[in-house]
Amino acid sequence: MSLTESTPAPAVSPAIPGGPKLWLLRHGETEWSRSGQYTGLTDLPLTELGETQARSAQATLSDVDFDLVLTSPLQRARRTAALAGFPEAQVEPNAVEWDYGDYEGIDSAVVRAQNPGYLIWDSGVPNGEALEHVGARADEIVKRVRAVTREDGAPANVLVVAHGHFLRILAARWLDLPASEGRHFVLGTAKVCTLGWDKKTPAVEQWGL
């Protein structure tokens, strides 16, 4: 059994009227996200469209009072955070994208053409990061977010600006699901999501805004 399957995300006792809310923002378009190439630790900039997308996300987030804003250290995430209105976002090393190993920079369609049964969620990546390790990094962020409180007892808001696969895994771990269940959460560039609570049950509130 994998680490993420055997170790549930940390439990939390939500304060009334609820526990912290976790907001997700995927970075804007890059050349490789546009072409379908696996982009893990390669530090690509946003395209012109990606910068426009990042600015557009500001409208969705501008009315939220965030207690903490975290960003992946990679420039596509940091630039997205800045353009979305959060130039002072704290760098969170655990929020980097999956290290795709030998598949870095490879078109995912090419991988599937060579191996029609391939799914990254089941097969992983050769000489790259194990899914269990990505899930463990996500768990550290879940712990950090769930520890954020407000003095007035209102639900805190935390924003994480990061990457497609990583944020999908983070969503799965927030919901106490195995990391591999991130396969169910499709997330486009510069899209915003909100994870919160149904009473004491972690839940998806909004997806892909």
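Here the structure is a predicted model, which means the values were calculated and not measured.
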(request) With the side chain counted from C-beta on, respond yes when Asn127 and Tyr103 share a heavy-atom pair under 4.5 Å apart, and no when they do not. (result) no
(message) Check for me, please, whether Val160 and Val204 land in the same ILVMFWY cluster - side-chain distances under 4.5 Å, paths through other members count.
(response) yes
(request) With rounding to the nearest 0.5 Å, note down the distance linking CH2 in Trp98 to NE2 in His133. (result) 13.0 Å
(request) List for me each residue that meets ring-ring contact (aromatic ring centres under 6.0 Å, His included) alongside His163, sequence neighbours excluded, and say none if there are none. (result) His27
(request) Output the rest of the hydrophobic cluster of Phe86: all Ile, Leu, Val, Met, Phe, Trp and Tyr residues reachable through side-chain heavy-atom contacts under 4.5 Å, sorted by chain and number. (result) Trp23, Leu25, Leu61, Val64, Phe66, Val69, Leu159, Val161, Val192, Leu209
(message) Quick check: do Val134 and Glu97 have side-chain heavy atoms less than 4.5 Å from each other?
(response) no
(message) Suppose the criterion is side chain to side chain donor-acceptor pair (under 3.5 Å): which pairs have a residue in residues 59-68, not counting sequence neighbours?
(response) Asp67-Arg150
(request) Could you tell me whether the side chain of Thr30 reaches within less than 4.5 Å of the side chain of Pro45, counting heavy atoms only? (result) no
(message) Has Glu92 got a side-chain atom pairing as donor or acceptor with Leu70's backbone, closer than 3.5 angstrom?
(response) no
(request) Say whether, by atom type as modelled, one donor and one acceptor occur between the side chain of Tyr118 and the main chain of Ala113 under 3.5 angstrom. (result) no
(request) Please answer: with hydrophobic residues joined when any side-chain heavy atoms are less than 4.5 Å apart, are Val96 and Leu22 in the same cluster? (result) no
(message) For Tyr38 versus His165, what's the shortest heavy-atom pair and its separation?
(response) CE2-CE1, 4.2 Å
(message) Could you tell me if the side chain of Trp207 sits less than 4.5 Å from the side chain of Lys191, heavy atoms only?
(response) no
(message) I'd like to know whether Asp102 forms a side chain to side chain contact (heavy atoms under 4.5 Å, CB included) with Val125, so could you lay out the CA-CA distance, the side-chain angles of the two residues, the decisive distance to 0.1 Å, and finally the verdict.
(response) CA-CA 7 Å; Asp102 292 349; Val125 286; over 6 Å; no
(message) Tell me if a side-chain donor or acceptor on Thr80 pairs with a main-chain N or O of Gly28 at a distance below 3.5 Å.
(response) yes
(request) List the steps and the verdict of side chain to side chain donor-acceptor pair (under 3.5 Å) for Thr194 and Glu205. (result) CA-CA 5 Å; Thr194 312; Glu205 293 190 358; 5.3 Å; no
(request) Decide side chain to side chain contact (heavy atoms under 4.5 Å, CB included) for Leu83 and Gln58; before the verdict, give the C-alpha distance in whole Å, the side-chain angles of both, and the deciding distance to 0.1 Å. (result) CA-CA 7 Å; Leu83 292 174; Gln58 186 172 12; over 6 Å; no
(request) Rounded to the nearest 0.5 Å, what's the gap from OG on Ser123 to CG on Asn115? Could you check? (result) 6.5 Å
(message) Can you give me the closest heavy-atom contact between Pro155 and Gly19, atom names plus distance?
(response) CB-O, 3.4 Å
(request) Grab the two heavy atoms, one from Ser33 and one from Thr39, that are nearest each other, plus how far apart they are. (result) N-OG1, 4.2 Å
(request) Take Arg34 and Glu31 through the test salt bridge (Lys or Arg N to Asp or Glu O under 4.0 Å) and record every step on the way to the result. (result) CA-CA 5 Å; Arg34 180 169 60 194; Glu31 292 288 349; 2.4 Å; yes
(request) Quick one: closest heavy-atom pair of Arg26 and Leu187, and the distance? (result) NH1-O, 2.8 Å
(message) Could you check whether Glu104 and Thr42, counting side-chain N and O atoms only, form a donor-acceptor pair closer than 3.5 Å?
(response) yes
(message) How long is the straight-line distance from OG of Ser72 back to CG of Leu167, given to the nearest 0.5 Å?
(response) 9.0 Å
(request) Following the transitive rule for hydrophobic clusters with a side-chain heavy-atom cut-off under 4.5 Å over Ile, Leu, Val, Met, Phe, Trp and Tyr, establish whether Leu170 and Trp197 coincide in one cluster. (result) yes
(request) Determine yes or no for a side-chain-to-main-chain donor-acceptor pair under 3.5 angstrom, with Thr52 supplying the side chain and Glu48 the backbone. (result) yes
(message) Does any part of the side chain of Asp176, heavy atoms only, come nearer than 4.5 Å to the side chain of Pro202, both counted from C-beta?
(response) yes
(request) For Leu74 and Gly40, work out which heavy atoms get closest and say how close. (result) CD1-O, 3.5 Å
(message) Side chains of Thr189 and Glu29: any donor to acceptor distance under 3.5 Å?
(response) no
(message) Nearest 0.5 Å, please: how far is CG in Leu24 from CD in Gln206?
(response) 11.0 Å
(message) Once rounded to the nearest 0.5 Å, what's the spacing between atom CD1 of Ile141 and atom CZ of Phe166?
(response) 3.5 Å
(request) Could you grab the distance from atom CZ of Arg112 to atom CD1 of Ile120, nearest 0.5 Å is fine? (result) 10.5 Å
(message) Is the terminal nitrogen or CZ of Arg76 (NZ for Lys, CZ for Arg) located under 6.0 angstrom from the six-membered ring centre of Trp32 and within 45° of that ring's axis?
(response) no
(message) If the threshold is 4.0 Å, N to carboxylate O, is there a salt bridge linking Glu140 and Arg137?
(response) no
(message) For the backbone of Ser180 and the side chain of Arg183, can you confirm whether one donor and one acceptor N or O come within less than 3.5 Å of each other?
(response) yes
(request) Please answer: with hydrophobic residues joined when any side-chain heavy atoms are less than 4.5 Å apart, are Trp121 and Val111 in the same cluster? (result) yes
(request) May I ask you to decide if Ala138's main-chain N or O and Trp174's side chain share a donor-acceptor pair within less than 3.5 Å? (result) no
(message) If I compare all heavy atoms of Leu68 with all of Arg144, which pair ends up nearest, and what's the gap?
(response) CD2-NE, 4.0 Å
